[in-house]
Amino acid sequence: MHTVTSQSDQDLKDRFLAIRGCRHHFPLLRQRVNGKPLVYFDNAATSQKPQVVIDTLMRYYEEENSNIHRGVHYLSERATQAYEAARVKVQHFLNAAHHREIIFVRGTTEGINLVSSTYGPMKVGPGDEILISTMEHHSNIVPWQILCEKTGGVLRVIPINDAGEIILGEYEKLLTPRTKIVALTHVSNALGTINPVRKMIDLAHAQGIPVLIDGAQAVPHMKVDVRELDADFYTFSAHKMFGPTGVGILYGKTKLLDAMPPYQGGGDMIKSVTFEKTIYNDLPYKFEAGTPSIAGGIGLGAAIDYMNELDMAGVAAFEQELLSYATRLVGEIPGLRIIGTAREKAGVLSFVIEGIHPHDIGTILDDEGIAIRTGHHCAQPVMQRFGVPATARASFAFYNTKEEIDVFIGALRKVIEVLG
Ligand code: 7TS
């Protein structure tokens, strides 16, 4: 008897094989840690970088380094062109309508702070409400609290169920004429939940409420189309999507960005300055005061080029396979409880083991060369919701393998032998 493999099964196998072949693009993954081959499962904190991104950064400093937007000399023009070309790559990556809607920032945290401190005071007055969810990262909580302190606004929180999913009925009830902005994570870093942001944006828009999406954990794992989502603001960090640290993107609709006051004052964000009056620059420069991370922006462009070559649908399916494999195997470990069991999940596996502190799990895994994150993951309200002080979290990228998951499971069994 022979097994019949359907064409689509074979297709998927071939695609997975091609994805597995990409691991060698990431030089850092070849190293040993504590005498063992490194298993890097801390991708939600930051991803590793492919050689092309590293080479782009090197080349920038070796051949192009110069300040941008201000020189007529060869190098300055070359650096400016490379930086502005990266902005256009981001525009296409997000399917934004125009490159002026792409603002370079330091990262997701700055993207949210930019909106909360410029758009926020325009919209929010005493008694007005800002709606976030229970599963937000601190960087999508604290900026809104600061705004509330300044304006008398009120922070409202959408509850989640025991699986770590937003309760949509409760969300709808919380959308009222007092709601001035909704700020939501696309994918939770602590639980892995993929939120139905398209639907949630539609519900908010039905009442004329703008929505900011924190895309930090989404962009490395799925194709994001800001126009299809109809997001008003969308922000992410380059370092979680195979690019450098110190740079990220805030996307905003032109109409909104145009109406907003500048964020910081300084060079590049002006057209003219006198002591009496300063005329601000046009978009996107109005929001880009001071010398930015030039190499970072160009490196982000290289990361996007790299991702454009990847089969992103295959990547998403491959990561789902890693997640379900790991979920099944950890499910066999006695006393282990997964925190975050949403139906729609990205490659994040947060868990606790009865009687063992997550930090001790992390330390023993580190001895085995395995990097995971332990702690509250900058999402303390999530920990409170699930009644745990911290979790251990393994988070996957497409360059991880089932063999690494086997090593991880073996090490978890060792943790229980030693401490259980
Ligand atoms: N939003 C989400 C959903 C995140 O996961 C993070 C970082 C941020 C915002 C902030 O991004 P930054 O680049 O501005 O710092 N999350 C994590 C994490 O899970 N472990 O380390 C950082």
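We use all heavy atoms of the structure for the numbers below, so side chains are in, but hydrogens, waters and symmetry mates are not. Whatever order the structure lists them in is the order used to number ligands and atoms, beginning at 1.
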Can you give the donor-acceptor pairs under 3.5 Å from side chains of residues 147-157 to other protein atoms, not counting sequence neighbours?
unit_1, atom_1, unit_2, atom_2, d
Thr151, OG1, Leu147, O, 2.8
Thr151, OG1, Gly153, N, 3.2
Arg156, NE, Glu129, OE2, 3.1
Arg156, NH2, Glu129, OE2, 3.4

Donor-acceptor list for residues 206-219 side chains, cut-off 3.5 Å, not counting sequence neighbours:
unit_1, atom_1, unit_2, atom_2, d
Gln207, NE2, Leu175, O, 3.3
Asp214, OD1, Ala216, N, 3.0
Gln217, NE2, Ala44, O, 2.9

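The protein atom (non-hydrogen) at minimum distance from atom 4 (C) of ligand 1 is His137 CD2, 3.4 Å. With respect to atom 18 (C) of ligand 1, the closest heavy atom belonging to the protein is Arg373 NH1, 3.4 Å. Protein heavy atom closest to atom 5 (O) of ligand 1, with residue, atom name and distance, is Gln217 NE2, 2.7 Å. For atom 7 (C) of ligand 1, the closest heavy atom belonging to the protein is Lys240 NZ, 2.8 Å. Nearest protein heavy-atom contact of atom 1 (N) of ligand 1 is Asp214 OD2, 2.5 Å.
Heavy-atom proximity to Asn189, at under 4.0 Å, picks out these atoms of ligand 1: 5 (O), 16 (N), 18 (C), 19 (O).
Contact annotation: for His239 versus ligand 1, heavy atoms closer than 4.0 Å belong to the side chain alone. Using a 4.0 Å cut-off between heavy atoms, Met135 makes no contact with ligand 1 at all. For Ala216, every heavy-atom contact with ligand 1 shorter than 4.0 Å involves the side chain, none the backbone.
Among the atoms of Thr185, none of the N or O lies under 3.5 angstrom from an N or O of ligand 1. The shortest N or O to N or O distance between Arg393 and ligand 1 is under 3.5 Å.
Here the shortest heavy-atom distance to atom 10 (C) of ligand 1, taken over Asp42, Asn113, Thr109, belongs to Thr109.
Between Phe104 and Tyr83, the distance from one ring center to the other falls under 6.0 angstrom.
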